[in-house]
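Please read the structure below before turning to the comments.
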Amino acid sequence: MKRVYVDELSQHVGSDVEIAGWLQIQRGNNKLRFLQVRDGSGIVQAIVAKSDVGEEMFETAKGVTQESSLRVRGTVNADDRAPGGYELIVKDLEIVGQSIDYPISPKEHGSTFLLDHRHLWLRSKKQHAVLRIRHEVIWAIRDFFNNRGFIGFDTPMFTPNAVEGTTDLFEAKYFDTIAFLSQSGQLYAEAGAMAHGRVYTFGPTFRAEKSKTRRHLTEFWMVEPEVAFMDLEGDMQLAEDMTMYVIERVLDKRRDELDMLERDVSKLEAVSGPFRRMHYDKAADILVKYAAEHPDEEGAPFTPGDDFGGRHESILTMNSDSPIMITHFPAEIKAFYMKRDPDEPDRALGFDMIGTEDAGELIGGSVREDSYDVLVSRIKEHSLPMEPFEWYLDLRRYGSVPHAGFGLGLERTVKWITGRDHLRECIPFPRMMYRMKP
RNA sequence: UCCCCAGUAGCUCAAUUGGCAGAGCGGAUGACUGUUAAUCAUCAGGUUCGCGGUUCAAGUCCGUGCUGGGGAGCCA
């Protein structure tokens with residue numbers, strides 16, 4: 001008998017097939033049982049009637065506990081009463097692996113309990129949907145860059161130096177010395193851009209920041225394109241085009257998953273280019289004005305010159321259907337490698353893209369400093385050691401060109417698109433300040 | 001590093017002014033031939049996070065520690 005997946009059942013109506021999977025839950029009575037069987041591709045209701053299978057097999061079916069694995073064989077039937085429209089009229093059933101006292105019940109659970117059982121929580125419908133959307137986002141990003149002539153350029157996880165001196169790094173023993181886990185592949189991507197013109201890195205990054213919020217993980221995935229001869233506007237356009245491609249792809253391919261998550265897809269359908277570009281000074285004006293009109297609101301007060309907090313990002317996008325891009329941040333609150341605007345020497349030629357619906361900062365990008373002399377002075381200003389950056393300075397010694405790129409936080413993007421409350425649901429096994437298990 | 005909150009049955013929670021430790025779900029057993037988080041009946045299930053204190057009496061009040069959650073700072 002042919003083994004098929006649940007999402008192929010519509011092609012087999014009237015035929016006998018085998019489904020292999022796990023029992024989600026079963027209901028029924030003493031003569032008729034409804035087994036919800038999940039096989040990864042979907043869920044199908046398998047119907048076991050005592051009159052069809054006999055006393056012994058019926059008792060076996062009744063004894064299949066939650067999350068036991070099993071094979072069910074029978075006839076595919078189309079029926080409106082069945083979830084999904086198709087069901088399996090069982091002729092034969094076989095338990096593969098019994099599950100005893102499965103900890104996650106169909107009722108509600110707290111986040112601590114669920115995260116302690118993350119390895120099992122992954123089986124539940126919403127987590128299944130989130131990670132399928134994550135998969136779609138990843139491949140949409142790769143396809144987007146591939147279609148535009150970019151080369152995937154993998155950068156190392158072990159690094160000898162910090163990209164941004166301010167951020168805490170994880171240390172690892174590396175034989176008789178120490179290495180740092182990468183907090184960004186950007187510097188290496190710049191070397192790649194000088195070889196291939198257009199590259200992107202896509203990999204895990206590590207930050208030992210003591211942040212315990214819904215917006216932070218200590219290990220997260222980042223996409224970082226880097227393009228030779230690109231300016232700030234080109235960089236922002238690239239970020240916008242990529243974002244639109246990803247949104248449209250998920251809307252096209254993952255409707256069922258968005259529905260499962262009860263995501264308001266009209267919010268995603270409303271996202272459209274061109275995304276608004278806003279000078280930092282304009283954003284600061286809006287925030288100062290808002291704070292004056294809402295004197296009692298926590299997190300609203302804003303001092304021009306400061307970076308934005310989470311509440312500020314939400315205020316700036318509260319009336320917007322699409323992400324906005326804030327440019328020209330004060331250079332002193334940005335990384336050493338950012339080029340400054342010749343017309344406003346105290347401002348960085350960079351941007352932050354802030355998502356709608358309180359998604360926060362999704363992308364940070366900039367034009368890189370391409371002058372050897374200026375870069376050397378920046379490294380000194382930031383009190384960074386010169387020696388580890390000698391190879392990076394070589395990129396400015398040997399045919400330096402204007403270039404730019406950005407970094408997109410994958411989990412933050414998945415959180416925005418899926419509408420989840422927590423970043424920790426947007427990666428299979430989240431790593432946080434107080435959680436490294438399972 | 002700082003601020004706020006929480007910890008009671010496997011899970012989610014309740015317990016009045018300090019006065020007998022409770023419910024729903026899950027589990028077990030039984031009934032029911034179209035269930036959709038099925039329904040109904042019965043049963044089992046407790047170091048109230050640890051330590052110390054106040055009190056005739058502490059889940060409840062005080063001190064302290066631990067664990068976790070949310071947020072600030074910092075960041076994607």
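The structure presented is a predicted model; accordingly, all values stated were derived computationally and were not measured. By convention in this document, chain letters (A, B, ...) are assigned in the order of the sequence lines, proteins followed by strands, and residues within each chain are numbered from 1.
Look at NZ on A:Lys50: it is 9 Å from P on B:U33, rounded to the nearest Å. For A:Lys415 and B:C75, the NZ to P distance is 19 Å, given to the nearest whole Å. As a whole-Å value, the separation of A:Leu120 CG from B:G10 C1' is 14 Å. Between the CZ atom of A:Arg214 and the C1' atom of B:C75 there is a distance of 16 Å, rounded to whole Å. Protein atom CD of A:Glu262 is 12 Å distant from nucleotide atom P of B:A37, rounded to whole Å. In this structure, A:His117 atom NE2 and B:U12 atom C1' are separated by 14 Å, rounded to whole Å. One interatomic measurement links the two molecules: CD of A:Gln66 to P of B:A37, which rounds to 14 Å at whole-angstrom precision. Computed from coordinates, the A:Arg207 CZ to B:C74 P distance equals 14 Å when rounded to whole Å.
Between the side chain of A:Ser211 and the base of B:G73, at least one donor-acceptor pair of N or O atoms lies under 3.5 Å.
In this structure, A:Thr205 reaches neither bases nor backbone, as no heavy-atom distance under 4.0 Å exists between it and the strands shown. Contact annotation for A:Phe113: backbone-only contact, meaning every heavy-atom pair under 4.0 Å involves sugar-phosphate atoms and none involves a base. A:His216 comes within 4.0 angstrom of a base, heavy atoms only. If you check every strand for non-hydrogen atoms under 4.0 Å, A:Ile104 touches nothing. Residue A:Thr112 is classed as a sugar-phosphate contact, given heavy-atom separations below 4.0 Å to backbone atoms only. Using a 4.0 Å heavy-atom cutoff across all strands shown, A:Asp352 reaches no nucleic acid atom at all. Counting any heavy atom pair closer than 4.0 Å across all strands shown, A:Gly110 reaches sugar-phosphate atoms only and no base atom.
When all heavy atoms of A:Asp235 and A:Ser366 are compared, the closest pair comes out as OD2-N, 3.4 Å.
Aromatic ring orientation, A:His119 versus A:His117: parallel (interplanar angle below 30°, classes split at 30° and 60°). Ring-plane geometry between A:Phe389 and A:Phe336 is classed as perpendicular, the angle between the planes exceeding 60 degrees on a 0 to 90 degree scale with a lower cut at 30.
When each of B:A37, B:G68, B:G34 is scored by its nearest atom to the side-chain atoms of A:Glu87, the top-ranked nucleotide is B:G34. Residue A:Met222 places its side chain closer to B:A76 than to any other of B:G34, B:G70, B:A76. Picking from B:C75, B:G68, B:U33 the nucleotide with the shortest atom distance to the side chain of A:Leu32 gives B:U33. When each of B:A76, B:G68, B:C75 is scored by its nearest atom to the side-chain atoms of A:Tyr434, the top-ranked nucleotide is B:G68. Taking every side-chain heavy atom of A:Arg81 into account, B:U35 is the closest of B:U35, B:U33, B:G69. Checking B:G68, B:U35, B:G71 against every side-chain atom of A:Phe34, the shortest atom distance belongs to B:U35. Side-chain atoms of A:Arg412 lie closest to B:A76 of the nucleotides B:G34, B:A76, B:C11. Nearest nucleotide to the side chain of A:Glu313, out of B:G71, B:C75, B:C32: B:C75.
Note on A:Glu233 versus A:Arg277: salt bridge recorded, some NZ/NE/NH1/NH2 to OD/OE distance being below 4.0 Å. Ionic pairing of A:Arg132 and A:Asp256 is not present here: no N-O contact between side-chain nitrogen and carboxylate oxygen is shorter than 4.0 angstrom. Salt bridge annotation for A:Lys334-A:Asp352: present, with a cationic side-chain nitrogen under 4.0 angstrom from a carboxylate oxygen.
With C1' as the reference atom, B:G7 and B:U12 are 14 Å apart, rounded to whole Å. Distance noted for atom C1' between B:U54 and B:U60: 13 Å (whole Å). Taking the C1' atom of each, B:G27 and B:G10 are spaced 9 Å apart, rounded to whole Å. A distance of about 14 Å separates the P atoms of B:G45 and B:G22, rounded to the whole Å. Rounded to the nearest Å, the gap between the P atom of B:G34 and that of B:G69 is 46 Å. Taking atom P in both B:G59 and B:G52, the straight-line distance is 15 Å, to the nearest Å. When the C1' atom is used for both B:A28 and B:A9, the distance is 16 Å, rounded to whole Å. As rounded to the nearest Å, B:G50 and B:A44 have P atoms that lie 26 Å from one another.
Between the side chains of A:Gln186 and A:Glu224, no donor N or O sits under 3.5 Å from an acceptor N or O. Side-chain contact check for A:Trp22 and A:Ser99: no donor-acceptor pair (N or O, by modelled atom type) lies under 3.5 Å.
The nearest heavy atom of RNA chain B to A:Leu408 and to A:His312 marks one nucleotide each, and the one closer to the 5' end goes with A:His312. Both A:Gln26 and A:Arg424 sit near RNA chain B, but only A:Gln26 has its closest nucleotide nearer the 5' end.
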note = In 5'-to-3' order, the base (B), backbone-only (S) or no-contact (-) status of each nucleotide in nucleotides 40-50 of chain B, using a 4.0 angstrom heavy-atom cut-off, is -----------
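Applying the 4.0 Å criterion to OP1 and OP2 of B:U1, one finds that A:Lys210 has a side-chain N or O inside that range. Neither OP1 nor OP2 of B:G73 sits under 4.0 Å from any side-chain N or O of A:Arg311.
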message = Evaluate A:Glu136 against A:Arg249 for salt bridge (Lys or Arg N to Asp or Glu O under 4.0 Å), listing each step before the verdict.
response = CA-CA 8 Å; A:Glu136 198 66 49; A:Arg249 172 87 161 255; 2.8 Å; yes
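Here the two rings, on A:His328 and A:Tyr280, have centers that are 6.0 Å apart or farther.
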